[in-house]
Amino acid sequence: MLIRDSSDIASSEITPKETFLSRRTFLAGAGLAGAAALTGVALRNLADPAITVSANAKIEGIQKSSFSTNEQQTPYNDVSHYNNFYEFSTDKYEPADLAKNLKTRPWTVVIDGEVKKKLVLDVDAITKMASPEERIYRHRCVEGWSIVVPWVGYSLNNLIKRCDPTSKAKYVEFTTLLDPKQMPGQRINVLKWPYVEGLRMDEAMHPLALLCFGMYGEVLPNQDGAPLRVVLPWKYGFKSAKSIVRIRFTRDQPYNTWQQSAPAEYGFYANVNPNVDHPRWSQAKERRLGEFLKRPTLMFNGYDQVSGLYSGMDLKKNY
Ligand code: MTE
């Protein structure tokens with residue numbers, strides 16, 4: 001990311017200070033996060049969700065997933081207090097507090113581009129389209145730290161199938177909310193806003209690609225991308241766009257934000273690949289948040305089942 005000097009790099013290597021924050025502090029901070037009652041707004045094309053979503057509300061009916069790792073999970077407090085969310089801050093400790101008042105209900109997602117019919121869906125209708133699963137995934141940030149998180153969601157392909165993309169849809173583009181009033185980081189041109197990410201259609205259809213609305217059995221805290229994000233465990237974390245308001249099917253490869261910002265450093269694919277150094281640091285190893293020693297980074301972050309998506313591609317060029 002925008003790491004400019006070695007002192008910045010060092011900051012991602014130390015034991016995170018959020019381990020000192022109590023859960024109580026977090027609860028106070030996340031406070032009103034999703035507390036607004038839903039008023040059944042803007043739901044078209046699907047049945048009435050009529051739900052109230054509270055901060056830290058438990059998600060009912062979560063199934064286990066065979067895609068889960070049994071590695072030790074990163075504590076909730078670390079995952080919710082060490083965040084890359086540039087819409088709020090470039091400092092990883094600040095989004096927990098700065099995002100606490102983000103209004104996540106009502107929230108609609110526009111689905112357009114190469115679809116038979118444009119849709120405007122309420123987020124709570126989306127979360128109900130398939131049974132929620134707990135997917136305990138490794139998540140590797142391009143900066144060299146990693147976490148193991150029990151995300152809650154379902155395979156993105158469930159939603160895609162409901163969207164009726166046309167045969168011309170070759171890619172899926174995700175766009176984050178643009179609202180500088182609520183997102184102070186957007187008042188600064190540190191990135192080109194809104195944040196955009198994308199996948200090739202076959203990547204998006206892969207069962208590992210998760211449409212995510214919770215973690216640790218509860219609704220997502222705002223700083224982790226409430227109310228709706230994607231999680232692509234075989235790719236560097238920046239591909240996993242947060243707080244999504246638009247899903248667009250396209251013929252052409254989306255021009256993702258990090259590629260726009262630093263094309264020599266961040267490409268479209270961003271598959272975790274320990275054999276391709278970032279121009280400014282090695283990607284061979286990573287440090288789990290809360291651990292001292294580094295561990296080797298695995299190709300595709302250990303998710304070898306996606307390798308077939310890239311057969312015949314030079315993943316050094318297509319970084
Ligand atoms: N999505 C948006 N909209 N804005 C961001 O700054 N940061 C990305 C990704 N998604 C980012 C984003 C990066 S760099 C990472 S590592 C992950 O979110 C971090 O997700 P987490 O905070 O839930 O661990």
Side-chain angles (χ1 to χ4, degrees), residues 34 43 45-46 49 51 53 57 59-68 79 85 104-113 115 119-139 149-165 169 171-177 194-235 237-250 254 256 270 303 305-306 309:
L43 178 73
N45 306 302
L46 282 173
I51 307 159
V53 175
I59 298 174
E60 301 299 327
I62 301 174
Q63 327 260 321
K64 299 271 175 238
S65 164
S66 57
F67 293 130
S68 289
V79 176
F85 204 166
T104 59
R105 297 292 189 288
W107 186 283
T108 50
V109 179
V110 173
I111 297 177
D112 64 351
V115 278
L119 299 169
V120 182
L121 301 178
D122 187 277
V123 70
D124 291 303
I126 294 177
T127 62
K128 295 210 147 4
M129 277 183 188
S131 307
E133 282 178 24
E134 179 174 84
R135 298 268 183 95
I136 308 169
Y137 279 164
R138 294 180 290 276
H139 198 64
V149 184
W151 302 110
V152 180
Y154 57 73
S155 290
L156 174 64
N157 62 31
N158 290 293
L159 173 65
I160 292 179
K161 286 176 200 154
R162 300 283 287 268
C163 296
D164 246 345
Y171 297 89
V172 193
E173 181 189 81
F174 307 95
T175 304
T176 295
L177 178 70
Y195 195 98
V196 170
E197 257 309 334
L199 295 171
R200 222 171 49 197
M201 198 65 163
D202 58 345
E203 297 181 306
M205 292 299 288
H206 194 281
L208 275 179
L210 186 71
L211 188 68
C212 173
F213 41 88
M215 63 184 212
Y216 301 82
E218 300 175 352
V219 295
L220 277 177
N222 294 345
Q223 61 271 31
D224 283 282
L228 194 70
R229 69 176 296 176
V230 283
V231 178
L232 296 318
W234 71 97
K235 292 180 179 279
F238 70 89
K239 293 296 288 183
S240 297
K242 297 176 168 181
S243 305
I244 293 168
V245 292
R246 184 178 184 194
I247 298 176
R248 191 167 70 101
F249 293 88
T250 66
N256 53 316
Y303 295 96
Q305 59 267 56
V306 299
L309 296 173

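Excluded from the calculations below are hydrogen atoms, water molecules and symmetry mates; all remaining heavy atoms, backbone and side chain alike, are included.
When every heavy atom of His139 is checked against every heavy atom of Gly237, the shortest pair comes out as NE2-CA, 3.9 Å. Closest approach of Val115 to Phe249, counting heavy atoms only: CG1-CD1, 3.4 Å. The shortest non-hydrogen separation linking Arg162 to Leu119 is O-CD1, 4.3 Å. When all heavy atoms of Asn256 and Glu197 are compared, the pair lying nearest together is ND2-OE2, 3.0 Å. Minimum interatomic distance between Lys239 and Leu199 (heavy atoms only, all atoms of both residues): CE-CD2, 4.4 Å. Tyr154 and Thr127 make their closest contact through CE2-O, 3.8 Å (heavy atoms, listed as atom of the first residue, atom of the second, distance).
Between the side chain of Ser243 and the backbone N or O of Ala226, at least one donor-acceptor pair lies under 3.5 Å. In terms of modelled atom types and a separation under 3.5 Å, the side chain of Tyr303 and the main chain of Tyr137 share no donor-acceptor contact. Looking only at distances, no side-chain donor or acceptor of Arg135 sits under 3.5 Å from a matching main-chain atom of Gly153. With hydrogens and angles ignored, the 3.5 Å screen pairs no side-chain donor or acceptor of Lys64 with any backbone N or O of Glu133.
Each of Ile247, Thr250, Leu156, Val230 was compared with Val172 under the side chain to side chain contact (heavy atoms under 4.5 Å, CB included) criterion, and only Ile247 meets it. Considering Arg200, Met201, Glu203, Arg248 in turn, Arg200 is the only one that fulfils the side chain to side chain contact (heavy atoms under 4.5 Å, CB included) rule with Tyr171. Arg246 pairs in a side-chain hydrogen bond (donor to acceptor under 3.5 Å, both in side chains) with only one of the listed residues (Thr175, Thr176, Asp112), which is Asp112.
Using a 4.5 Å cut-off on side-chain heavy atoms (C-beta onward), Thr104 and Leu220 make no contact.
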